[in-house]
Amino acid sequence: MKIVTWNINGVRARLGNLLHWLQESAPDIACLQEIKTVDEQFPRAEIEALGYHVETHGQKGFNGVAILSKLRFDEVNRGLPGDESDEQARFIEGVFSTDKGVLRVVSLYLPNGNPIDDDRKFPYKLSWMARLEAWATGRLALEEPLVLAGDYNVIPEPIDAKNPQNWLGDALFQPETRQAFRRLVNLGFTEAVRATTDAPGTYTFWDYQAGAWQKDNGIRIDHLLLSPEAANFFGSATIEKHVRAWEKPSDHVPVAVNLTVGAV
DNA sequence: ATGGTTGGTAGCCAA
């Protein structure tokens with residue numbers, strides 16, 4: 001089973017790319033972030049025509065996440081628990097049945113947090129990460145295969161940036177950010193890309209600005225975290241870097257993981 | 001060091 005995360009940066013602006021990619025990459029489950037649309041305007045019919053079930057948690061203009069799946073959804077949960085006043089659409093969980101039992105997959109879009117001296121943005125990021133850790137702690141107690149896929153807006157280590165010194169003042173690379181990410185992983189998750197390779201130059205995002213793609217000035221911020229039960233089925237992770245060279249690309253590329261579970 | 005680009009929206013903001 002191939003599970004992929006991709007920050008698509010506007011699903012309506014990227015529909016041609018998305019449809020082409022779905023046919024080329026053929027994910028069983030695709031977790032999208034930054035769909036930037038309300039549910040009613042999500043291009044559901046075109047995606048369903050390729051054989052996918054579609055569940056969205058959209059928002060006007062910003063954010064928004066979705067899960068596309070060849071498997072039927074047994075259950076869908078929208079929104080990260082822990083703050084009833086949080087109206088930003090950044091989290092959706094799908095529950096599926098496989099030949100090895102239940103499988104839970106989350107598509108998450110962790111807050112960017114910039115600028116760090118803003119009185120709301122960075123604290124919101126850190127509180128969201130604390131809520132995610134609390135939620136994940138509860139899910140891990142179920143001892144089920146769980147994949148936490150998404151745009152974490154976290155550069156975990158210096159090796160995950162071409163020019164780490166350029167990110168020292170950025171919310172994505174603050175010590176508190178990196179520590180919160182390590183705390184989450186250390187609950188017992190396997191970070192699929194890092195478990196596959198330690199090679200420098202392993203990036204998932206290249207800014208549109210200043211020729212970042214042409215200079216390979218990238219960062220690795222899209223991650224797939226596997227619960228112990230999911231890691232038992234873990235094969236390898238792949239970054240579909242070539243998608244960044246397409247016409248009208250997203251600034252992120254798809255990141256895939258293969259699990260040795262099948263449809264029922 | 002600065003400025004550079006894109007999407008959604010109609011506020012320039014968020015990234």
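Remember, predicted model here, so these are calculated numbers, not experimental data. Throughout, protein chains are lettered first and strands after them, A, B, ... in sequence-line order, and every chain is numbered starting at 1.
Remark: the separation of the P atoms in B:dT5 and B:dT9 is 22 Å, to the nearest Å. Here, B:dT2 and B:dT6 have their P atoms 23 Å apart, quoted to the whole Å. Taking the P atoms as reference points, B:dG7 lies 23 Å from B:dG3, given to the whole Å. Straight-line distance between the C1' atoms of B:dG4 and B:dA14: roughly 16 Å, to the nearest whole Å.
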Which donor-acceptor pairs under 3.5 Å do side chains of residues 164-172 of chain A form with protein atoms, sequence neighbours excluded?
residue: A:Asp170; atom: OD1; partner: A:Asn114; partner atom: ND2; Å: 2.9
residue: A:Asp170; atom: OD1; partner: A:Leu172; partner atom: N; Å: 2.9
residue: A:Asp170; atom: OD2; partner: A:Asn114; partner atom: ND2; Å: 3.3

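Closest to the side chain of A:Ala13, from the set B:dG3, B:dA15, B:dG7, is B:dG7. Nearest to the side chain of A:Tyr208, among B:dA15, B:dC13, B:dT6, sits B:dT6. Closest to the side chain of A:Arg14, out of B:dG3, B:dT6, B:dA10, is B:dT6. Here the side chain of A:Lys60 is nearest to one of B:dA15, B:dA10, B:dA14, namely B:dA10.
Ranked by how close their nearest DNA chain B nucleotide is to the 5' end, A:Gln41 and A:Asn63 are led by A:Gln41. The residue among A:Lys215 and A:Gly10 whose nearest nucleotide of DNA chain B is located toward the 5' end is A:Lys215.
Ionic pairing of A:Asp207 and A:Lys215 is not present here: no N-O contact between side-chain nitrogen and carboxylate oxygen is shorter than 4.0 angstrom. Using a 4.0 Å cut-off between charged nitrogen and carboxylate oxygen, A:Arg44 and A:Asp39 do not count as a salt-bridge pair. Note on A:Arg178 versus A:Glu157: salt bridge recorded, some NZ/NE/NH1/NH2 to OD/OE distance being below 4.0 Å. Between A:Arg139 and A:Glu93 there is a salt bridge, since at least one side-chain N of the basic residue sits less than 4.0 Å from a carboxylate O of the acidic one. We find that A:Glu240 and A:Lys2 are joined by a salt bridge, their nearest charged nitrogen and carboxylate oxygen being less than 4.0 Å apart.
Taking side-chain N and O atoms only, A:Arg12 has a distance below 4.0 Å to OP1 or OP2 of B:dT9. Between A:Lys248 and B:dG7, a side-chain N or O to OP1/OP2 separation shorter than 4.0 Å is present. Between A:Lys121 and B:dA14 there is a side-chain polar atom (N or O) within less than 4.0 angstrom of OP1 or OP2.
One atom, NE2 of A:His252, and another, C1' of B:dT6, lie 12 Å apart when rounded to the nearest Å. Atom pair A:Phe173:CZ and B:dA15:P shows a separation of 20 Å (rounding to whole Å applied). Straight-line distance from the CZ atom of A:Phe42 to the P atom of B:dG8: 12 Å, rounded to whole Å. Taking atom CG of residue A:Asp251 and atom C1' of nucleotide B:dA15, one finds them 7 Å apart after rounding to whole Å. Atom P of nucleotide B:dG3 and atom CG of A:Asn166 are separated by 16 Å, given to the nearest angstrom. Between the P atom of B:dG8 and the CD atom of A:Glu34 lies a distance of 10 Å, rounded to the nearest Å. Taking atom NZ of A:Lys36 as the reference point, atom C1' of B:dT6 lies 7 Å away to the nearest angstrom. Whole-Å rounding puts the A:Asn9 CG to B:dT9 P distance at 13 Å.
Backbone-only engagement by A:Arg90 is indicated by non-hydrogen atom pairs under 4.0 Å involving sugar-phosphate atoms exclusively. Nucleic acid contact for A:Tyr109: sugar-phosphate only, since backbone atoms but no base atoms lie under 4.0 Å from a heavy atom of the residue.
Within residues 218-225 of chain A, no residue has any heavy atom under 4.0 Å from DNA chain B.
Against the 90° criterion about 0, the sugar-base torsion of B:dG4 places it in the anti range.
Proximity of A:Tyr203 to A:Arg244: side-chain heavy atoms (C-beta onward) are nowhere separated by under 4.5 Å.
Distance CG/A:Asn217 to CG/A:Asn163: 5.0 Å, rounded to 0.5 Å.
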Output, in order, the C-alpha distance, side-chain angles, deciding distance and verdict of salt bridge (charged side-chain N to carboxylate O under 4.0 Å, His left out) for A:Arg182 and A:Glu191.
CA-CA 10 Å; A:Arg182 282 198 300 273; A:Glu191 206 249 269; over 6 Å; no
